[in-house]
Number of protein chains: 2
Amino acid sequence: MSRREQQRETTLNEIKSLARQQMAAQGAASISLRAIAKEMGLTPAAIYRYFRNYDALITTLIAESYHAQADALQAADRTQPPHDPVARLWAVMLAYRQWALDHPADFQLLYGNPIPNYDAPDELTLPAAQRNFSVFVQILSDADRTGQLQPIPAYQPEHLPPIIAAHLTAMGARDYPQIPISLLYLATMGWAKMHGLILLELFHHTQPVIGDTAAFYALEVEVMMRQMGLHR
Amino acid sequence: MSRREQQRETTLNEIKSLARQQMAAQGAASISLRAIAKEMGLTPAAIYRYFRNYDALITTLIAESYHAQADALQAADRTQPPHDPVARLWAVMLAYRQWALDHPADFQLLYGNPIPNYDAPDELTLPAAQRNFSVFVQILSDADRTGQLQPIPAYQPEHLPPIIAAHLTAMGARDYPQIPISLLYLATMGWAKMHGLILLELFHHTQPVIGDTAAFYALEVEVMMRQMGLHR
DNA sequence: TTACAGTGTAAATGGTGTTTACTTTTTTGT
DNA sequence: ACAAAAAAGTAAACACCATTTACACTGTAA
């Protein structure tokens, strides 16, 4: 790598780092190219040698955050014995919330209000989100193989609404062959429900109502896992 | 009301109306005082005769939206026979989602990402949110009186984590005397869970995964009500 | 060494919220 | 009816913002 290429990379990293600092300090929507440039002793226009425009910077941050989150989930999964899907799911569920609390701005960037006048490109976000989702599918699949996954009747395939079953079948055929649709439903439902709780907590809509958000979250994870037949 | 006061009110309404138009078109974060002024044929500074600043306008919109939502919930409640809490809860749950779909920008304004550099005053939002929450509490309370409310063991008072029970006791003593804490927990949990699902739907994170979001929501409402012992 | 591509600057355009001093209009009190 | 006060609106400025253009410099490669 030539001297110039190396310098370019450090400058690029400095821009992203300062953007993340601003994001952590005042929220993703208040990232300012001019402020970044000023902090670096550059002219605002110089930033445009590194990012085509504001949206390009945001898109890069989103992509990196998605993968950081997926890495955190996979790391949590690996802290538990592979043959113990209950412990693994529990660990990943808690890690999901913990990552959100540790990186609130990142989490909001990924899953919160879309930034004004910015549309995240699907071809980037969908695969990244899927990598995330797959962690849950994998654990449930392992639990299913050992016969531990025994959901309540409402979540068994024959009781799922036909429209949902049809869509899950299509999705399974495309992305998750050999995975039963009721498992896909459990993964979706479990992710969505816990994800919703975390969003509420981050936006401070749950704190006044519930005292201990961690205990609330833990209780709901437990109830949900019981619905899946996954007892501790 | 003098001629001047009347005119002031229509101007004020025109500002709010245009703000809501912008909000509906491009999201709450892109409301612009200058754009509103231009649309009205006014100088930007003129707006400041009606709102102390940008935040004051947002705060007003938030307050109005909170009450519009609460009105919608109460209206849905009253479409059902008072003695049928199952039908009432069902109707209100669906109305909650429907209002969000009909007024996505309002819903995001209330429950989404905080607007950059704006902090909603708690003395305004908390009572408004509580009016909303009380609809659920009231229905569950009616169900409890007729003995229909029979939650699964995990949600019964003696199984709630002590920290949560303590907080609910304090909240109950303050705002809901005579209401058992397990009921308060059910209301909180039910609200939070469905609310989370709606947030995900509005932010388009659920559509690629789940096919029919309405069916998904309905199924989860049904499962949740079954956990409460409220069968149809 | 001469091109050339990469990196940066200066200046301008049009957008934002907000404040200040000033003018016009309407209401109110005598 | 008329003067004083209050309200509504304007013009101009300030300090931000993203973005574009034309231009200069500099490291690299032919």
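Throughout, protein chains are lettered first and strands after them, A, B, ... in sequence-line order, and every chain is numbered starting at 1.
Distances from the side chain of B:L33 to the nucleotides C:dT18, D:dA11, D:dG27 place C:dT18 closest. Taking every side-chain heavy atom of A:S32 into account, D:dC17 is the closest of D:dA13, D:dA11, D:dC17. The side chain of A:Y50 has C:dT7 as its nearest neighbour among C:dT7, C:dT18, C:dT16. When distances are taken from the side chain of A:Y54 to each of C:dG8, D:dT19, C:dA21, the shortest belongs to D:dT19. Here C:dT9 is the nucleotide among D:dA18, C:dT9, C:dG17 with the atom lying nearest to any side-chain atom of A:L42. Considering only side-chain atoms of B:A45, the nucleotide from C:dT9, C:dG8, D:dA11 that sits closest is D:dA11.
Between the side chain of A:Y66 and the backbone N or O of A:N132 there is no donor-acceptor pair closer than 3.5 Å. Panel note: side chain A:T59, backbone A:D55; a donor-acceptor pair is recorded below 3.5 Å. Listed for the A:Q22 side chain is a donor-acceptor partner under 3.5 Å among the backbone atoms of A:S32.
With hydrogens and angles ignored, a donor-acceptor pair closer than 3.5 Å exists between the side chain of B:R34 and the base of C:dT18. No hydrogens or angles were tested; on distance alone, a donor-acceptor pair under 3.5 Å links the side chain of B:R49 to the base of D:dG9.
Remark: P of C:dT16 and CD1 of B:I58 are 14 Å apart, rounded to the nearest angstrom. Here the P atom of nucleotide D:dA8 and the CD atom of B:Q6 are 14 Å apart, to the nearest Å. Protein atom CZ of B:R52 is 16 Å distant from nucleotide atom P of C:dG17, rounded to whole Å. When the C1' atom of C:dT16 is taken as reference, atom CD1 of B:I47 falls 14 Å away, rounded to whole Å. In this structure, B:E5 places its CD atom 14 Å from C1' of D:dA8, rounding to the nearest Å. As a whole-Å value, the separation of A:K38 NZ from C:dT9 P is 14 Å. With rounding to whole Å, B:I36 atom CD1 is found 12 Å from C:dG17 atom C1'. Atom P of nucleotide C:dT16 and atom CG of B:N53 are separated by 17 Å, given to the nearest angstrom.
Within 4.0 Å (heavy atoms only), A:Y48 reaches at least one base atom of the nucleic acid.
Proximity of A:R4 to the phosphate of D:dT26: no side-chain N or O atom is located under 4.0 Å from OP1 or OP2.
B:E220 has no carboxylate O lying under 4.0 Å from a charged side-chain N of B:K193, or vice versa, which leaves the two without a salt bridge.
Classified by interplanar angle (parallel below 30°, tilted 30° to 60°, perpendicular above 60°), the ring pair B:F203/A:F203 is perpendicular.
Residues A:P44 and B:G41 each lie close to DNA chain D; by heavy-atom proximity, the contact nearer the 5' end of the strand is made by B:G41.
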